[in-house]
Amino acid sequence: MSGTPEGTGPGRDYRAAFDAAPLPMAVVGADGLVTGANPAFAGLFGGDTTGRSAEELTGLAADHDNRKTYRDVLRGRRPRLCCTRRVKRADGGTLWAEITLTPLTGPGENGRDGDNGRGGADSGDGRGALLCVTDVGERRELRARLRHLEMHDAVTKLPNRALFFERLTAVLESAAYERGATGRIGLCYLDLDGFKAVNDTLGHRIGDKLLTAVAARLAECAESVGASRGGGHLVARLGGDEFAVLVEESTGTEQLADLARSVLAALQRPFDLDGQRLSVSASIGVVERAAAGTSATALMQAADTTLYWAKEDGKARWTLFDPERNAHRMTRQALSSSLRPALERGEFALEYQPLVGLADGVTHGVEALVRWHHPRFGTLAPNRFVGIAEEDGSIVQLGRWVLRTACRQARRWQLDHPGSRSLFVSVNVAVRQVWDSDLVADVAQTLEETGLPAHLLQLELTESAVMGSAGRPLQALQALSDMGVRIAIDDFGTGYSNLAYLSRLPVSALKLDGSFVRGFQDEAHPNPADETIVEALVQLAHRLGLTVTAECVETAGQAARLRRIGCDSGQGWLYSRAVPPDRIAELVGLTALPA
């Protein structure tokens with residue numbers, strides 16, 4: 001039988017490796033005291049550590065969570081401890097170390113951690129655990145450098161978008177807002193006006209230098225205002241020429257306004273960059289609100305909207321978020337997205353307002369006015385949605401529907417009341433209907449389908465739609481006039497008010513804007529100038545063979561003055577508001593067919 005020479009064998013080899021290891025290691029007994037340590041461990045903590053508390057040496061005694069895990073490992077209740085913490089060295093310095101504690105398994109236990117897996121303390125074998133201390137300072141420093149590169153802009157060295165949103169989210173979720181402080185947060189969101197032109201004309205190198213110089217001035221402003229208000233602010237570059245200044249504990253809108261004014265003033269000072277003297281400006285959206293109930297997404301949406309307002313209002317300015325203005329914008333978006341489906345769902349309806357002869361008091365026609373019975377916003381007048389429809393092009397589809405519906409209704413009145421004078425119907429036509437659709441074909445097809453005579457249809461266009469008309473618009477108006485359709489200029493007097501162009505257009509009527517008629521309301525002290533202007537317009541129109549309708553007639557006195565100066569017809573609340581089609585016959589005295 002072979003044997004192991006005295007002083008040799010696995011046990012001695014393990015001990016030699018333990019002593020020679022550069023990694024500080026120690027054996028810890030079930031009672032938490034060091035029972036043996038290698039030279040590296042002794043060198044780290046100073047001399048002989050046998051019998052000393054491993055908890056005290058590593059600082060785990062002051063760390064409640066890790067101390068509990070440490071003791072559970074010694075008792076066999078957990079298989080391992082691994083944590084990172086700052087450890088005090090024997091020379092008084094500190095290092096960041098990864099501390100691991102692994103139970104020691106005794107012979108004959110089939111690799112289990114003590115009796116029935118309970119470990120040394122519960123089994124009473126006294127074997128304890130192996131403690132290792134690994135210096136991770138360089139690793140942490142490298143990780144910190146990589147994170148800094150990842151979270152900071154390479155050009156300006158400011159925090160980037162990722163770090164900004166990380167900080168913003170942390171601030172909004174912080175319990176500090178629940179415990180006190182101001183409980184409010186502020187944000188200045190800005191971009192440079194005309195930065196693209198700098199890049200395009202002077203190159204990206206100068207553009208990057210400008211961004212760096214802007215970043216420096218922003219940091220100065222934030223530090224100056226923050227110091228005066230008792231707190232620092234985070235300045236970040238979010239991308240391109242977009243920057244943000246986050247005020248974590250805002251004291252109110254006045255603080256944010258001071259900051260915005262400071263930033264504008266700082267950026268308006270010229271920049272000297274490699275011999276190039278540049279002057280720039282910025283547009284700033286300012287948001288200030290309670291942190292509770294605010295999300296990062298909602299805050300940035302508000303800031304983005306407000307920045308857009310600042311640019312829309314003329315640039316080189318700051319604008320404070322306005323909930324009412326934002327509600328209007330949101331309503332416009334909601335209306336825009338639901339306009340086309342609303343037509344398919346039949347949410348639109350027409351009402352009609354009489355056009356009354358001032359000389360005889362007889363209703364000669366009606367104007368068709370579209371209403372939107374919106375399921376959320378109620379009944380909407382044209383001024384709430386027609387502009388939106390013109391912007392997105394849905395006015396063409398809506399205009400066709402209005403034309404067909406109005407002509408069909410006018411023909412129905414004609415058929416139902418053959419003994420009465422036929423009413424013409426006046427329909428508004430938008431500029432895009434003239435340019436983006438075949439208006440002549442639409443009108444011809446509608447008249448043919450409904451059977452309405454062409455002379456009972458009047459199309460109203462604004463001055464801006466016909467001013468300087470040439471080419472397609474002029475040809476379309478001439479074709480419609482040749483067809484027998486009346487052409488009227490709506491809201492006359494608010495645009496170019498140049499009667500010269502009317503001489504070459506196939507126009508048959510003018511509708512004076514209500515602003516002229518409202519000047520007649522003070523019957524006790526009439527303004528002679530108002531009457532002189534309207535009388536001159538009426539006389540000129542008559543000399544051109546045009547009839548004149550006054551809009552917004554509300555009193556008998558207005559009607560009398562308009563009649564005296566020769567105005568042909570009036571339209572307004574004096575006669576009737578716009579009403580559903582079944583009320584028209586009653587209002588104008590149409591005679592029905594005999595039963």
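Computation of the quantities below employed the complete heavy-atom set of this structure, encompassing side-chain atoms and omitting hydrogens, waters and symmetry-equivalent molecules.
Residues in residues 356-375 take part in these salt bridge (Lys or Arg N to Asp or Glu O under 4.0 Å) pairs, two or more places apart or across chains: Glu351-Arg371, Glu367-Lys511. Counting only residues at least two apart or in different chains, salt bridge (Lys or Arg N to Asp or Glu O under 4.0 Å) contacts with residues 300-310 are absent. For residues 551-587, the set of pairs meeting the ring-ring contact (aromatic ring centres under 6.0 Å, His included) definition, not counting sequence neighbours, is empty. Sorted by first then second residue, the ring-ring contact (aromatic ring centres under 6.0 Å, His included) pairs that include residues 367-397, not counting sequence neighbours, are Phe348-Trp372, Phe348-Phe385, Trp372-His374, Trp372-Phe385, His374-Phe377. Under the salt bridge (Lys or Arg N to Asp or Glu O under 4.0 Å) criterion, the residue pairs touching residues 563-573 are Glu531-Arg564, with sequence neighbours excluded.
Residues satisfying the side-chain contact (heavy atoms from CB on, under 4.5 Å) test with Arg408, not counting sequence neighbours, are Arg404, Thr405, Thr450. Leu202 meets the side-chain contact (heavy atoms from CB on, under 4.5 Å) test with Val198, Ile206, Gln276, Leu278; sequence neighbours excluded. For Gln301, there are no side-chain hydrogen bond (donor to acceptor under 3.5 Å, both in side chains) partners, not counting sequence neighbours. In this view, Arg340 satisfies the side-chain hydrogen bond (donor to acceptor under 3.5 Å, both in side chains) rule with no residue, not counting sequence neighbours. Among residues two or more places apart in sequence or in another chain, the salt bridge (charged side-chain N to carboxylate O under 4.0 Å, His left out) test is passed with Asp322 by none. The side-chain hydrogen bond (donor to acceptor under 3.5 Å, both in side chains) search around Arg400 returns Asp442, not counting sequence neighbours.
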Just list the side-chain donor-acceptor pairs under 3.5 Å for residues 279-288, sequence neighbours left out, or say none.
{"from": "Ser281", "atom 1": "OG", "to": "Asp193", "atom 2": "OD2", "distance (Å)": "2.8"}
{"from": "Ser283", "atom 1": "OG", "to": "Asp193", "atom 2": "OD1", "distance (Å)": "2.8"}
{"from": "Ser283", "atom 1": "OG", "to": "Asp193", "atom 2": "OD2", "distance (Å)": "3.4"}
{"from": "Glu288", "atom 1": "OE1", "to": "Arg184", "atom 2": "NE", "distance (Å)": "3.2"}
{"from": "Glu288", "atom 1": "OE1", "to": "Arg184", "atom 2": "NH2", "distance (Å)": "2.8"}
{"from": "Glu288", "atom 1": "OE2", "to": "Arg184", "atom 2": "NE", "distance (Å)": "2.8"}
{"from": "Glu288", "atom 1": "OE2", "to": "Ser250", "atom 2": "OG", "distance (Å)": "2.7"}

